[in-house]
Amino acid sequence: MVLTKPRVIELLLVTTIPTMILAADGWPSPGLVLATLVGGAAAAGSANTLNCYIDRDIDKVMNRTRRRPTVTGAVSPGAALTSGLVLGVASLLWLGLLVNWVSALLAAGAILIYVVGYTMILKRRTPQNIVWGGAAGCMPVLIGWSAVTGDVGWPAVLLFGVIFFWTPPHYWPLSMKFRSDYAAAGVPMLPVVAKDTKVAREMIAYTLAMIACSLLLIPAAGMTWVYAVVASALGGWFLWACISLLRRAEDPARGKLRAMNVFHASITYLTLLSVAISVDVFLPF
């Protein structure tokens, strides 16, 4: 269970239900929601398990990951590989047979992006690893939308954009906190190889793009002024958190960097934006 990274899966699924509500313009079938969530969680669990199998050599170097079962020996490498592959195949069959094959194909793409694209190719080679590898974490909105409609519409693409641009300012603060871990493991996360000021400026740029996608959703999905106000306020609040990080990075006299404040703010932002999307669908105007 630990290898599947349940807390990561929980955050991914937070975006799936609102997307399904938006696609259905109301409550989708409870059975469809359950089937999509179970299949999506299994696919993400498969990718995370395979990630732990592949990264077990660097996980033992990093303090935050050295207690993973693949490092301690509680789970053998062979068992981790087998369970990851079996869970992946089962998740795709589940989605294909109980939801639709478009959703299953998108889930397969998410697994490949995370396992091959991020873990095997990008993670140890480029500071932009989480930018492109993070696309795997955007797939639940496409899966949720396709589960209801059978295809991928513009609102789903914009929600994909929101999460795509949200990922760097969400993950880089965590990398700032654990930069010594990543440095020891030889993983070139941007905060390891660049100054904090550069990282903060890039976070601001990605946040602006994230806000733009969240606001473009208004005409694309016919959202009301309620969503517009909430999305604008949340975007402005999170942008200020990133700007505050930059100001502290530029002037140490302002106090500690407090990067984890931005990390926690990013989770709050995505959660509340998802709630706003869900609620907006049911407003009588």
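Residues take their numbers from the sequence shown, with the count starting at 1. Both backbone and side-chain heavy atoms feed into the values below; hydrogens, waters and symmetry mates do not.
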Tell me, do [X] and [Y] make a side-chain contact under 4.5 Å, heavy atoms counted?
| X | Y | result |
| --- | --- | --- |
| L234 | I211 | no |
| C242 | V262 | yes |
| K177 | P191 | no |
| L174 | R64 | yes |
| V38 | W94 | yes |
| L98 | L32 | no |
| K60 | T65 | no |
| M176 | W172 | no |

Practice task
Check the pair V281 / W27 against side-chain contact (heavy atoms from CB on, under 4.5 Å), numbers first and verdict last.
Solution key: CA-CA 9 Å; V281 171; W27 289 111; over 6 Å; no

Is [X] linked to [Y] within one hydrophobic cluster, defined over Ile, Leu, Val, Met, Phe, Trp and Tyr using a side-chain heavy-atom separation of less than 4.5 Å?
| X | Y | value |
| --- | --- | --- |
| V89 | I111 | no |
| L158 | M20 | yes |
| W101 | L37 | no |
| L92 | V86 | no |
| V99 | L87 | no |

Problem - Among R258, R248, R179, the one residue meeting salt bridge (charged side-chain N to carboxylate O under 4.0 Å, His left out) with D196 - result: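 One option only clears the test, and that one is R179.
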
Handout entry: Chi angles and distances behind the side-chain contact (heavy atoms from CB on, under 4.5 Å) call for M210, F164
Key = CA-CA 8 Å; M210 175 196 76; F164 180 82; over 6 Å; no

Gap separating the [atom1] atom of [X] from the [atom2] atom of [Y], nearest 0.5 angstrom:
| X | Y | atom1 | atom2 | answer |
| --- | --- | --- | --- | --- |
| Y53 | L50 | OH | CG | 9.0 Å |
| F178 | M189 | CZ | CE | 12.0 Å |
| I267 | L272 | CD1 | CG | 11.5 Å |
| S278 | I21 | OG | CD1 | 4.0 Å |
| I143 | T36 | CD1 | OG1 | 9.0 Å |
| S180 | M62 | OG | CE | 8.5 Å |

With no hydrogens and no angle check, is any side-chain donor or acceptor of [X] less than 3.5 Å from a backbone partner on [Y]?
| X | Y | answer |
| --- | --- | --- |
| N51 | V115 | no |
| R125 | I121 | yes |
| D280 | Y227 | yes |
| T119 | Y114 | yes |
| T126 | L122 | no |
| S146 | L142 | yes |
| D251 | R247 | no |
| S46 | G84 | yes |

Minimal non-hydrogen separation, [X] against [Y], with atom names:
| X | Y | answer |
| --- | --- | --- |
| A259 | P173 | O-CB, 3.2 Å |
| A228 | I218 | CB-CD1, 3.5 Å |
| P252 | A249 | CD-O, 4.4 Å |
| S103 | L95 | O-CD1, 4.1 Å |
| P127 | V193 | CG-CG2, 3.6 Å |
| T70 | A80 | CG2-CB, 3.7 Å |

Handout entry: Qualifying residue for side chain to side chain contact (heavy atoms under 4.5 Å, CB included) with W166, from C213, S214, S266
Key =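 The residue from C213, S214, S266 that satisfies side chain to side chain contact (heavy atoms under 4.5 Å, CB included) with W166 turns out to be S266.
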
Handout entry: Identified side chain to side chain contact (heavy atoms under 4.5 Å, CB included) counterpart of W145 within the set V157, L22, L106
Key =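 Only match with W145 under side chain to side chain contact (heavy atoms under 4.5 Å, CB included): L22.
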
Handout entry: Check against salt bridge (Lys or Arg N to Asp or Glu O under 4.0 Å), E250 and R201
Key = CA-CA 11 Å; E250 290 176 331; R201 289 191 184 100; 3.2 Å; yes

Do [Y] and [X] meet the salt-bridge criterion of a basic N to acidic O distance under 4.0 Å?
| X | Y | answer |
| --- | --- | --- |
| D57 | R124 | yes |
| D55 | R68 | no |
| D181 | R66 | no |

Exercise for the section: For the pair F263 and H170, name the ring-plane relationship: parallel under 30°, tilted 30 to 60°, perpendicular over 60°. Expected result: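 Answer is parallel, since the angle falls under 30°.
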
Exercise for the section: Quick one: do N261 and K256 satisfy side-chain contact (heavy atoms from CB on, under 4.5 Å)? Show the steps, please. Expected result: CA-CA 11 Å; N261 286 356; K256 294 181 179 180; over 6 Å; no

Exercise for the section: Give a yes or no on this: more than 12 heavy atoms of other residues, nucleotides or ligands lie within 6.0 Å of atom CZ of R67. Expected result: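 Check fails, neighbour count at 12 or below.
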
Problem - W225 CH2: over 12 foreign heavy atoms closer than 6.0 Å - result: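 Result for CH2/W225: open.
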
Handout entry: Co-members of the apolar cluster containing V14 [side chain, <4.5 Å]
Key =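 Direct or chained contacts put V14 with none.
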
Practice task
Could you please spell out the steps behind the side-chain contact (heavy atoms from CB on, under 4.5 Å) verdict for T268 and W237?
Solution key: CA-CA 11 Å; T268 301; W237 169 70; 3.9 Å; yes

